[in-house]
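Note sheet for the following structure.
Each residue takes its place number in the sequence, starting with 1.
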Amino acid sequence: METFPKIISVDDHTVEPPHVWRDRLPSKYADSGPRIVRAPLKEMTFMGGKFAPVMGAKGDDGPVGDWWVYEDLHRPLTRLDTSVGYDRDEIKLEVITYEQMRPGSFSVPERLADMDVNHVQSALCFPTFPRFCGQTFTEAKDRELGLLGVRAYNDWMVDEWCGPAAHGRLIPLTLVPLWDAELAADEVRRNAARGVRAVAFSEIPPHLGLPSIHTDDWDPFLRACDETGTVIAMHIGSSSKMPSTSADAPPAVGSTITFANCCFSMVDWLMSGKFERFPNLRIMYAEGQIGWIPYILERADVVWEENRGWGGVADKVHRPPSELFTEHVYGCFFDDAFGLKNLDAIGVGNVLYETDYPHSDSTWPKSREVGEEQMGHLDADVVDRIVRRNAIDLLGLTQDGLWAGPGTGA
C-alpha cells in the first residue's frame, strides 16, 4: 500500500524504573515495599506454564541480575521482559540488569524514539513487576500496603510515564485492588476523573482465587467502568496461569496456545449477562490474536439458540452472543494473517493493532512492514480503522490519536 497509517498500539509494556514505589510509599514500608536488589540467580525454570526463579545470596555463584523484592516475593528482570534489539535465537530465559536492557523499556524519551523507529504514534502499556493486572499486589499479605502499591503505580503511570514528557503519545492503563470490588470501583473513578479510560483486569479471575464474573461480586467494579466509560483490558497471562498441556511441556507449547485463555474468557463474558446489565461495558483482549474468534462466535450462537433452556443462560442472555460481541468486545493482534483474511466474520470495528514492545513476540521495528504485508488486501479505510480509528474511539483519544491528559475523564 502507498501509505500506512501511524500505528496506535493497544498492547505494549513498560518495565517500571526502580524508583516507582521507593518515591511514593511511606518511609515505614522501605523494607517491605517493592524495591530493586542486585543479586545472583540460583536457579530458574519455566515449564508447564509456570515460571519459578530462585534468588541467590550475595557472593553466591551465578549470573547477576536486578530483582524486585516485595514482602517474600523475589522476581528477577529477565531477557523475556525486554527482548527487542536482540536476534531471536539469542533471546533466552536469563536474568538481566537495567543496564542490559533497551532503555526504551523504562525511559520515556527512549521509548518515544523507539516508537518513531517503528512507525508508532501512541501506545497503551501493560505493567511488568505488578504483572498484567496487578496480581503481585493481590497476592501480598499486607492489604494496606497492597492498596498503596496499586495507587502508587497508577500515580506513576498517569503523572510520569504518561506525563508531559510523553506529549500525549503514551496512553495510561491503571490497576485496581482486585481483592475488593468496592475499592476497585473507587480506584476506577479516581483515575477516570483524571482522564484514564482503561483498566487492567484478569481474563479468568478464579485462577487467582477470586470470584468469577458469573457472580455479582464484581458488580461495583463493573458499574464504575460502565458509568465512566473505562475499558476493561485483559492481557494473556493475567490469570497467572498460562495455558499448557502438561507439567513438562516446553514454553513453546504454551506460547502457541496463549489465545486459549482469551477464548475461554470471552465465552465467560458472553454467557454472563453482564453486557445486558451494564450496556456501556467494553472489554479488550491484548495479545490474544483474532483468528480463533469466528468459530467461537458461531458455536456460542448455536449453544445459545439450541441449548439455552438447560444451559443456564436463558434468564440472563437475551440476545445472540455474536451481537453482544459486536457491541462490547475487541480482539487485539500483532501478527495474524489468518484472522485478517476472515475479518468479515469478526467485524472491522472489533479489531485493534498492537506491537508488543519490548517483548520477545514483538514485531518491533517492523510492525509497519508486517501490517502492510498482512493488510495489503484490505481497503485503505479498513486499514485505518484497524490501525488507528478503532483505538481512538475506544480509548477516547483525540482525533490526532493522542491522550489528552488529566481532566478529560467522563
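Contact of the Val95 side chain with the Leu77 side chain is not registered, since no non-hydrogen atoms from C-beta on lie closer than 4.5 Å. In this structure the side chain of Ile91 reaches within 4.5 angstrom of the side chain of Tyr86, judged on heavy atoms. Thr138 places none of its side-chain heavy atoms less than 4.5 Å from the side chain of Leu208. The shortest side-chain heavy-atom distance between Phe221 and Ile232 falls under the 4.5 Å cut-off. Contact annotation: the side chain of Val348 never approaches that of Leu378 to less than 4.5 Å [non-hydrogen atoms, C-beta and beyond]. Using a 4.5 Å heavy-atom cutoff, the side chains of Thr82 and Ile96 are in contact. Between Asp11 and Phe126 there is a side-chain heavy-atom pair separated by less than 4.5 Å. Side-chain contact between Ser9 and Leu124: absent, with no pair of heavy atoms (C-beta onward) separated by less than 4.5 Å.
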Practice prompt. Might you work through the side-chain contact (heavy atoms from CB on, under 4.5 Å) test for Leu222 and Phe275, ending with a clear yes or no?
Written response: CA-CA 10 Å; Leu222 300 181; Phe275 292 139; over 6 Å; no
Worksheet item: Should Asp116 and Arg169 be marked as a salt bridge (Lys or Arg N to Asp or Glu O under 4.0 Å) after you check the CA-CA gap, both sets of side-chain angles, and the distance that decides it?
Response: CA-CA 11 Å; Asp116 289 339; Arg169 297 180 61 188; 2.8 Å; yes
Worksheet entry | Chi angles and distances behind the side-chain contact (heavy atoms from CB on, under 4.5 Å) call for Met44, Phe51 | CA-CA 8 Å; Met44 181 164 58; Phe51 178 52; 3.4 Å; yes
Item to complete: Might you work through the side-chain contact (heavy atoms from CB on, under 4.5 Å) test for Arg151 and Leu175, ending with a clear yes or no?
Response: CA-CA 8 Å; Arg151 289 175 174 168; Leu175 305 175; over 6 Å; no
Discussion item. Let's go through Asp301 and Arg319 carefully: what are the C-alpha distance in whole Å and the side-chain angles of both, what is the deciding distance for salt bridge (Lys or Arg N to Asp or Glu O under 4.0 Å) to 0.1 Å, and is it a yes or a no?
Written reply: CA-CA 9 Å; Asp301 278 359; Arg319 298 167 56 198; over 6 Å; no
Fill in: Test salt bridge (Lys or Arg N to Asp or Glu O under 4.0 Å) applied to Glu373 and Lys366, step by step
CA-CA 11 Å; Glu373 179 182 353; Lys366 298 182 179 180; over 6 Å; no
Worksheet item: Does the pair Ile290 and Phe338 meet the rule for a side-chain contact (heavy atoms from CB on, under 4.5 Å), with working shown?
Response: CA-CA 8 Å; Ile290 59 174; Phe338 180 83; over 6 Å; no
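Put simply, CH2 on Trp218 and SG on Cys225 are 10.5 Å apart, with the number rounded to the nearest 0.5 Å. Here CZ of Phe334 is found 13.0 Å from CD1 of Ile7. Values are rounded to the nearest 0.5 Å. Atom OG in Ser122 sits 10.0 Å away from atom CG in Leu395 (nearest 0.5 Å). Residue Asn280 holds its CG atom at 8.5 Å from NE2 of His328, rounded to the nearest 0.5 Å. In this structure, His235 NE2 and Leu173 CG are separated by 10.0 Å, a value rounded to the nearest 0.5 Å. Between the OG atom in Ser322 and the CD1 atom in Ile296 there is a gap of 13.0 Å [rounded to 0.5 Å].
Under the 3.5 Å distance criterion, the side-chain polar atoms of Thr136 are matched with a main-chain donor or acceptor of Pro130. A donor-acceptor distance shorter than 3.5 angstrom exists from the side chain of Asn390 to the backbone of Arg385, with no hydrogens or angles considered. Under a 3.5 Å cut-off, the side chain of Gln135 and the backbone N or O of Cys133 do form a donor-acceptor pair. No side-chain donor-acceptor contact under 3.5 Å links Arg102 to the backbone of Gly85. For the pair Asp379 (side chain) and Val382 (backbone), a donor-acceptor distance under 3.5 Å is absent. No side-chain donor-acceptor contact under 3.5 Å links Asp356 to the backbone of Asp12. A side-chain donor-acceptor contact under 3.5 Å links Arg35 to the backbone of Gly33. A distance-only check finds a donor-acceptor pair linking the side chain of Thr228 to the backbone of Ala224 [under 3.5 Å]. Checking side-chain atoms of His377 against main-chain N and O of Leu340 turns up a donor-acceptor pair under 3.5 Å. A donor-acceptor distance shorter than 3.5 angstrom exists from the side chain of Glu71 to the backbone of Lys141, with no hydrogens or angles considered.
Residues meeting the side-chain hydrogen bond (donor to acceptor under 3.5 Å, both in side chains) test with Asp384, sequence neighbours left out: Arg389.
The aromatic ring centroids of Trp179 and Phe137 lie 6.0 Å or more from each other. Two rings, from Tyr285 and Tyr330, have their centers 6.0 Å or more apart.
Ionic pairing of Arg131 and Glu139 is present here: one or more N-O contacts between side-chain nitrogen and carboxylate oxygen are shorter than 4.0 angstrom. Between Arg282 and Glu327, no side-chain nitrogen of the basic residue sits less than 4.0 Å from a carboxylate oxygen of the acidic one, so the salt-bridge criterion is not met. Using a 4.0 Å cut-off between charged nitrogen and carboxylate oxygen, Arg277 and Asp226 do not count as a salt-bridge pair. The residues Asp180 and Arg143 are annotated as not salt-bridged, no charged nitrogen and carboxylate oxygen being separated by less than 4.0 angstrom. We find that Glu99 and Arg38 are joined by a salt bridge, their nearest charged nitrogen and carboxylate oxygen being less than 4.0 Å apart.
Residues Asn261 and Gly237 come closest through the heavy atom pair ND2-N, 4.3 Å. Across all non-hydrogen atoms, the minimal contact from Thr97 to Gly65 is CG2-CA, 4.0 Å.
Using the six-membered ring where Trp is involved, Tyr70 and Phe129 have ring planes that are perpendicular, over 60° apart on the 30 and 60° scheme. Classification of the Phe4-His119 ring pair by plane angle, with boundaries at 30° and 60°, yields tilted.
At a cut-off of 3.5 Å, with distance as the only test, no side-chain donor of Thr398 or Asp400 sits close to an acceptor on the other residue. For the residue pair Arg79/Gln100, the side-chain donor-acceptor check at 3.5 Å is not satisfied. For the 3.5 Å distance criterion, the side chains of Asn118 and Ser367 qualify, holding a donor opposite an acceptor. Under 3.5 Å, the side chains of Gln374 and Asp336 contain no donor-acceptor pair of N or O atoms.
By the 6.0 Å contact criterion, CG on Asp31 is open, its count of non-hydrogen atoms from other residues, nucleotides or ligands being 12 or less. No more than 12 heavy atoms of other residues, nucleotides or ligands sit less than 6.0 Å from atom CG of Asp344. Around atom NZ of Lys316, more than 12 heavy atoms belonging to other residues, nucleotides or ligands sit under 6.0 Å away.
A cation-pi arrangement is present between Arg308 and Trp304 under the rule of less than 6.0 angstrom and at most 45 degrees off the ring axis.
Results of the ring pair (Phe, Tyr, Trp, His ring centres under 6.0 Å) test with His13 over Phe132, Trp161, Tyr357, Phe106 single out Phe132 as the only residue that passes. Screening Val10, Ile236, Val351 for a side-chain contact (heavy atoms from CB on, under 4.5 Å) involving Cys332 leaves a single residue, Val10. Screening Val84, Thr128, Asp81, Asp114 for a side-chain contact (heavy atoms from CB on, under 4.5 Å) with Pro358, the sole residue that qualifies is Val84.
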